[in-house]
Amino acid sequence: MRRNDGGLYYLRIASLPVGAALPARRNGVVPSMHRLGFLRDLPALSLCGMGLVFGTLLFAASLTPSLVPREPWIQGVLGGFCLASGYGLGVLLRHLWRMLELPSLQGRGRRIAMAATLAVCIVIAVFSLWWAADWQNRLRALMEMPPVDSAGPWTIAVLALSTFLLLVMVGRLAAWIWRRLSQRLSRHISGPTAAVLAVIVTATLFWTIGNGVLVHGAMRLADQTYAGLDALIEDDIEKPAAWDKTGGRGSYLDWQRLGRQGRRMIAASPDAAQIEHMTQRPAREPLRVYVGLNSADTPQERAELALRELQRIGAFERGNLVIATPTGTGWVDPESQAALEYVLHGDVATVSVQYSYLLSWLTLLADPEYGAETARVVFAAVYDYWRSLPQEARPRLYLQGLSLGALNGDKSHDLYQVIEAPYHGALWSGPPFNTPTWRSVTDRRNAGSPAWLPAFGDGSVVRFTSQVNALDQEGQRWGPYRIVFLQYASDAVTFFDPKSLWRRPDWLNGPLGPDVSPDMRWIPVVTFLQLAFDLMLAVEPPKGYGHVYAFEHYVDAWASLVSPSDWTQASLDALKRRVAGARD
């Protein structure tokens with residue numbers, strides 16, 4: 001034991017054997033650890049100088065821009081995580097230094113070094129907070145967002161310190177539990193074995209509490225909250241009366257059981273009259289089928305309901321049929337739906353089946369396979385019936401999904417299932433970073449093409465596009481089977497990279513995407529934490545950036561995918577202007 005200048009004792013782990021008995025008294029004073037346990041380390045004077053240096057550097061780095069502009073309170077929490085991560089790294093290095101018995105400063109020299117270290121840390125933190133607003137404003141300008149006058153330095157500083165202290169307290173609680181377990185176990189087994197076993201037990205304990213109690217409790221609360229929202233009946237959405245509307249006259253599906261997102265999809269515009277007005281051509285009433293999570297008890301039953309409803313309204317008699325896998329909340333992007341129906345002049349039926357109430361990233365954490373299970377049974381039900389029809393009588397079949405809908409839609413089938421009678425194509429927008437086809441194609445992209453907008457093979461099967469249409473390049477010809485990925489370089493759902501913890505993501509190798517800040521740099525640990533926060537905030541940017549996909553970009557994507565003969569690029573651009581003008 002060693003007494004520091006604040007009158008408190010701290011443990012030198014490097015010099016005290018695991019399981020050694022702690023002295024009851026020293027110079028007549030009872031060591032504070034005996035009285036307060038892990039709380040002995042809470043005073044600021046007991047903080048590690050090397051940890052503060054690394055923590056401050058990572059905190060300053062956290063203020064640099066990433067993919068999504070950040071509000072001060074978000075930046076404060078992120079800064080606290082980075083500060084704690086850097087502090088933990090510094091503490092680890094200090095322990096390694098002591099274990100190697102390398103020389104260290106003592107007495108007055110140590111106090112001077114600590115004071116100088118604290119001064120340098122304060123200077124670094126202040127200058128970083130000063131520059132934070134400029135960093136954020138340059139990113140906001142790329143996304144056509146108004147600038148901010150201040151980054152909120154006081155809010156950031158207070159929240160960062162609060163988050164840091166909370167995380168340090170949790171870390172020291174874990175260390176205290178580990179030491180106590182080591183001491184008790186060493187009475188029965190060897191010291192090194194006791195230490196390793198104590199680490200395993202402590203890690204298991206914290207994982208069980210964190211994942212089993214806190215996470216599942218939060219998930220249950222979120223599920224109840226979103227289930228309540230899903231059940232709300234909006235006053236501005238009326239139950240349809242038409243026979244060809246889901247929930248209307250003769251429908252197999254109850255209007256109230258469709259859920260909030262289902263009722264919105266069925267009631268969404270455009271109808272035939274709006275399509276004719278905007279396209280200036282004759283149009284049919286588009287067909288939409290939606291099966292809510294409460295419409296039936298199991299995914300299989302919901303899939304069978306969807307098929308029966310499609311058959312009832314004559315969906316297989318249309319020229320085009322789309323299986324749209326929704327997001328985690330059950331939402332089908334109305335921008336994509338409208339663009340599809342305009343491009344096809346309403347000659348399309350769309351079917352979607354809900355599998356969750358939660359936000360996509362929460363669903364991904366709570367039960368990532370649940371959505372894939374529903375997507376598989378829905379695809380099998382619709383595809384098997386479609387394939388049973390005479391080839392000349394089948395509608396063209398497409399798949400569509402945004403976010404978690406893209407991931408689960410991609411998982412809804414395999415090559416052997418469709419190789420005899422392939423569907424016609426798929427549009428995946430904002431595909432999550434772990435989408436199998438997206439991951440495989442991006443990793444195998446043509447040399448020289450950027451990771452945020454890859455070129456693959458000769459472009460006859462898979463193409464990528466973003467804000468600027470890159471689908472119909474001169475000299476490229478589509479094959480009969482087509483996949484389009486619509487993605488923005490600023491979309492963290494697509495470009496989150498777990499390996500950014502220790503290596504630079506490919507999409508940060510120049511040239512950067514048009515909506516990625518040139519000030520963004522890869523910084524180990526920090527970039528990973530920034531992207532993790534961006535993942536949760538990806539829908540905050542304005543339409544056309546981040547994870548918020550715009551109508552005009554969907555128009556180009558659908559037009560290239562379905563290749564209608566009656567549209568030119570000029571007429572498509574005119575459609576975009578008319579729709580934008582009507583919305584204004």
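Remember, predicted model here, so these are calculated numbers, not experimental data.
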Is there a donor-acceptor pair closer than 3.5 Å between any side-chain N or O of [X] and the backbone N or O of [Y]?
X    : Y    : answer
S440 : T437 : no
R302 : A296 : yes
Q354 : L293 : yes
R140 : M145 : no
R482 : G479 : yes
N294 : R257 : no
R138 : P518 : no
T435 : W438 : no
S571 : T568 : yes
T279 : I275 : yes

State yes or no: are the ring centers of Y385 and F316 separated by less than 6.0 Å?
-> yes
Criterion side chain to side chain donor-acceptor pair (under 3.5 Å) on W452 and T494, from CA distance to verdict = CA-CA 9 Å; W452 56 271; T494 298; over 6 Å; no
Is the closest side-chain donor-acceptor distance between [X] and [Y] under 3.5 Å?
X    : Y    : result
Y549 : Y488 : no
Q274 : Y342 : no
N408 : T325 : no
D333 : Q337 : no

The criterion is side chain to side chain contact (heavy atoms under 4.5 Å, CB included); which residues satisfy it with [X], sequence neighbours excluded?
X    : result
S412 : A375, F379, L399
F528 : F496, S500, L501
A455 : N446, S449
T64  : W135, I523, Q530

In terms of side-chain geometry, is the basic nitrogen of R312 or E309 positioned less than 4.0 Å from the acidic oxygen of its partner?
-> yes
Ion pair present between D458 and R477, side-chain N to carboxylate O less than 4.0 angstrom?
-> no
Residues two or more places apart in sequence or in another chain: which of them pass ring pair (Phe, Tyr, Trp, His ring centres under 6.0 Å) with W386?
->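 If we apply the ring pair (Phe, Tyr, Trp, His ring centres under 6.0 Å) test to W386, skipping adjacent residues, the hits are Y383.
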Could you pull out all residues at least two apart from H345 that satisfy ring pair (Phe, Tyr, Trp, His ring centres under 6.0 Å)?
->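 By the ring pair (Phe, Tyr, Trp, His ring centres under 6.0 Å) rule, H345 matches W567.
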Would you list the pairs meeting ring pair (Phe, Tyr, Trp, His ring centres under 6.0 Å) in which at least one residue belongs to residues 257-284, sequence neighbours left out?
->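 Passing the test, one end in residues 257-284: no pairs.
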Minimum-distance pair of heavy atoms, taken over all atoms of [X] and [Y]:
X    : Y    : value
R445 : T442 : NH1-O, 2.8 Å
A306 : V353 : CB-CG2, 3.9 Å
L453 : A470 : CD2-CB, 4.2 Å

Please, which pairs that meet salt bridge (charged side-chain N to carboxylate O under 4.0 Å, His left out) have at least one residue in residues 421-440, sequence neighbours excluded?
->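 Every pair satisfying salt bridge (charged side-chain N to carboxylate O under 4.0 Å, His left out) with a residue in residues 421-440: R439-D443.
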Partners meeting side chain to side chain donor-acceptor pair (under 3.5 Å) with N320 (sequence neighbours left out) | R396
Cation-pi geometry met for R463 and W478 (6.0 Å, 45°) =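 Cation-pi check for R463 and W478: passes.
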Within 45° of the axis and under 6.0 Å from the centre of the six-membered ring of Y252, does NZ or CZ of R308 qualify?
->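 So R308 does make the cation-pi contact.
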Would you check, one step at a time, whether the test side chain to side chain contact (heavy atoms under 4.5 Å, CB included) holds for V351 with Y290?
-> CA-CA 6 Å; V351 59; Y290 192 97; over 6 Å; no
Just wondering, more than 12 heavy atoms not from E420 lying within 6.0 Å of its CD?
->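 For E420, atom CD is not crowded (no more than 12 foreign heavy atoms under 6.0 Å).
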Report, as yes or no, whether the 6.0 Å neighbourhood of atom CZ on F533 holds more than 12 heavy atoms from other residues, nucleotides or ligands.
->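 More than 12 within 6.0 Å, yes.
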CA sep, side-chain torsions, deciding dist, call: S466, H553, side chain to side chain donor-acceptor pair (under 3.5 Å) | CA-CA 7 Å; S466 60; H553 305 143; over 6 Å; no
Does the side chain to side chain donor-acceptor pair (under 3.5 Å) test come out yes or no for Q467 and Y545, once each step is laid out?
-> CA-CA 8 Å; Q467 288 95 337; Y545 302 98; 5.7 Å; no
List for me each residue that meets salt bridge (charged side-chain N to carboxylate O under 4.0 Å, His left out) alongside R284, sequence neighbours excluded, and say none if there are none.
-> D347
List for me each residue that meets salt bridge (charged side-chain N to carboxylate O under 4.0 Å, His left out) alongside R444, sequence neighbours excluded, and say none if there are none.
->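 For R444 there are no salt bridge (charged side-chain N to carboxylate O under 4.0 Å, His left out) partners, ignoring immediate neighbours.
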Contacts under 3.5 angstrom, residues 239-248 side chains, donor-acceptor by atom type, not counting sequence neighbours:
residue	atom	partner	partner atom	Å
K245	NZ	E285	OE2	3.2
T246	OG1	R288	O	3.1

Go through D534 and S66 one step at a time and tell me if the side chain to side chain donor-acceptor pair (under 3.5 Å) criterion holds.
-> CA-CA 8 Å; D534 289 345; S66 53; 2.8 Å; yes
